[in-house]
Structures are given as structure tokens and as C-alpha cells.
Amino acid sequence: MKDNNCIFCKIANGEIPSRTLYEDERYRVILDLGPATRGHALVLPKEHFANVYEIPEDWAAGAMKIGQQMAIRMKERLHTDGANLIQNNEEAAGQTVPHFHLHVIPRYKNDGQHMLWKPGKASDEELDAIVKEME
Ligand code: AMP
Ligand code: ZN
């Protein structure tokens with residue numbers, strides 16, 4: 001199902017033009033218009049799923065498979081030094097467009113980006129409590 005009010009539905013299905021790096025029956029990979037680094041791409045399903053909680057397992061797996069292929073191709077063609085595959089869900093996690101998308105962000109030595117978190121601290125009791133809550 002598409003969502004008529006969703007910009008990524010329109011882009012994924014070719015109703016709004018995009019710079020497309022890859023396309024098949026289920027997905028389109030586009031260049032992000034606000035790239036974190038050179039070659040930053042988004043894997044978009046052509047069906048509308050808001051986030052990781054809504055997307056069916058096989059669609060999520062398929063997006064990751066294409067993300068992997070893109071990262072490999074970027075290494076060959078763009079001579080990247082690494083990649084972050086990032087997928088944000090809900091506002092608290094930084095999702096700004098509520099249509100599932102996987103970021104494929106090429107990394108270059110000294111590219112000046114900071115996408116990793118600041119490590120925190122947790123006691124043994126806290127870690128044990130989480131394991132119990134997740135059972
Ligand atoms: P997120 O914050 O994970 O929801 O990521 C949304 C991403 O979509 C951001 O990196 C934006 O730069 C990108 N973006 C928003 N609108 C467009 C668009 N029309 N074409 C390409 N990328 C877009
Ligand atoms: Zn959509």
C-alpha cells in the first residue's frame with residue numbers, strides 16, 4: 001500500500017524524480033539531498049511502512065541486503081573507507097520522514113562526521129534487570 005501523503009512513497013515509486021542508484025520491484029535507492037558524506041544513500045521500500053515496528057520481516061531483510069550491496073559498490077566505485085548503515089525509528093530516535101528507510105552512509109578517513117554515540121555507564125544490577133525485562 002502507498003500513502004498518498006508520503007513523499008518517500010512518491011519518490012520510491014517514481015512520481016517525484018530522484019537521483020536513483022538502484023531500483024527493483026520492491027525498492028529504490030536514492031541519493032540523500034542532505035548528505036552526511038559523499039554518496040549518502042537511502043534504501044526506500046516502494047510500499048509504505050512507517051518504521052521498523054511496521055515493516056514485514058522479509059521487507060526489512062530485503063532492505064538490509066540492498067544496503068549491503070550498495071556499501072560494497074560504494075567501496076569499489078567511490079573508494080570509501082567504511083560505511084554506517086543506520087535506520088531511525090520514531091521522533092525520539094531522529095526519524096524525520098515516517099516511511100521506513102535505511103541510510104547507507106559512506107565513510108572516509110577524517111570525514112569529520114560523528115555518527116556514533118557517547119558511551120555511558122551501567123551497573124551490573126542495571127544490566128541484569130534489562131536481561132530480565134527482555135525475557
Ligand atoms: P531520517 O532523519 O532518518 O528520517 O532521515 C531522513 C533523510 O531524508 C534525511 O537524511 C534527509 O536529508 C533526507 N531527505 C528528506 N527529503 C528528501 C528528498 N526529497 N530527497 C532525498 N532525501 C531526502
Ligand atoms: Zn510512504
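Just so you know, these numbers come straight off a predicted model, no measurement behind them. Positions are given from 1, in the same order as the sequence printed here. When a ligand or atom number is given, it counts from 1 through the structure's own listing order.
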Salt-bridge contact Glu25-Lys46 (side-chain N to carboxylate O under 4.0 Å):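 Looking at Glu25 and Lys46, the cut-off is not met.
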Salt-bridge contact Arg26-Asp58 (side-chain N to carboxylate O under 4.0 Å):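 Yes.
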Shortest heavy-atom approach to atom 22 (N) of ligand 1 - which of Leu44, Ile7, Ile11, Leu33: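 Residue with the shortest heavy-atom distance to the ligand atom: Leu33.
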Say whether Gly94, considering both its backbone and side-chain N or O atoms, lies within less than 3.5 Å of an N or O atom on ligand 1.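 Yes, Gly94 has an N/O under 3.5 Å of an N/O on ligand 1.
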Is Asn88 close to ligand 1, meaning an N/O of one under 3.5 Å from an N/O of the other?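 Between Asn88 and ligand 1 (N or O atoms, distance only) the closest approach is under 3.5 Å.
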Under 4.0 angstrom from ligand 1, any heavy atom of [X]?
{"X": "Ser18", "answer": "no"}
{"X": "Gln87", "answer": "no"}
{"X": "Leu31", "answer": "yes"}

Which atoms from ligand 1 have a heavy atom of [X] less than 4.0 Å away?
{"X": "Ile30", "result": "21 (C)"}
{"X": "His103", "result": "1 (P), 3 (O), 5 (O), 7 (C), 10 (O)"}
{"X": "Gln95", "result": "4 (O)"}
{"X": "Gly34", "result": "12 (O)"}
{"X": "Leu42", "result": "8 (O), 22 (N)"}
{"X": "Thr96", "result": "1 (P), 2 (O), 4 (O), 5 (O), 6 (C)"}

Determine yes or no for a side-chain-to-main-chain donor-acceptor pair under 3.5 angstrom, with [X] supplying the side chain and [Y] the backbone.
{"X": "Asp128", "Y": "Val131", "answer": "no"}
{"X": "Thr37", "Y": "Arg107", "answer": "no"}
{"X": "Asn89", "Y": "Val52", "answer": "yes"}

Taking only residues two or more places apart in sequence or in another chain, which ones pass ring-ring contact (aromatic ring centres under 6.0 Å, His included) with His48?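 Here the qualifying residues are His99.
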Hey, any chance Leu31 and Tyr108 share a hydrophobic cluster, counting ILVMFWY side chains that come within less than 4.5 Å of each other, even indirectly?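 Linked, Leu31 and Tyr108 end up in one cluster.
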For residues Leu102 and Leu44: do they belong to one hydrophobic cluster (side chain heavy atoms under 4.5 Å, members Ile, Leu, Val, Met, Phe, Trp, Tyr)?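 Leu102 and Leu44: separate clusters.
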Region of Phe8 that comes within reach of ligand 1 [heavy atoms, distance under 4.0 Å]: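 Looking at Phe8 and ligand 1, just side chain atoms fall under 4.0 Å.
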Give the residue, atom name and distance (to 0.1 Å) of the protein heavy atom nearest atom 10 (O) of ligand 1.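 So the nearest neighbour among protein heavy atoms is Asp32 OD2, 2.5 Å.
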Of the protein's non-hydrogen atoms, which lies at the shortest distance from atom 5 (O) of ligand 1, and what is that distance?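 For atom 5 (O) of ligand 1, the nearest protein heavy atom comes out as His101 NE2, 3.1 Å.
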Polar protein atoms (N, O or S) that approach the Zn ion (ligand 2) to under 2.8 Å: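 Under 2.8 Å from the Zn ion (ligand 2) - ignoring waters, which are not counted - the protein N, O or S atoms are Cys6 SG, Cys9 SG, His48 ND1, His99 ND1.
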Decide yes or no on side chain to side chain contact (heavy atoms under 4.5 Å, CB included) for Val29 and Glu23, but give the supporting numbers first. CA-CA 6 Å; Val29 181; Glu23 185 186 2; over 6 Å; no
Among Glu76, Gln69, Lys75, find the residue that satisfies the side chain to side chain contact (heavy atoms under 4.5 Å, CB included) test when tested with Ile72.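 Filter result, single survivor: Glu76.
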Distance from Cys9 atom SG to Glu15 atom CD, nearest 0.5 Å?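 Rounded to the nearest 0.5 Å, the SG-CD separation comes out at 8.5 Å.
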Phe49 and its ring-ring contact (aromatic ring centres under 6.0 Å, His included) partner, picked from Tyr27, Trp59, Phe100: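 Running ring-ring contact (aromatic ring centres under 6.0 Å, His included) over Tyr27, Trp59, Phe100 with Phe49 returns exactly one hit, Trp59.
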Would Asp24 and Tyr22 count as having a side-chain donor-acceptor pair, cut-off 3.5 Å?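 Judged by distance alone, the side chains do pair up.
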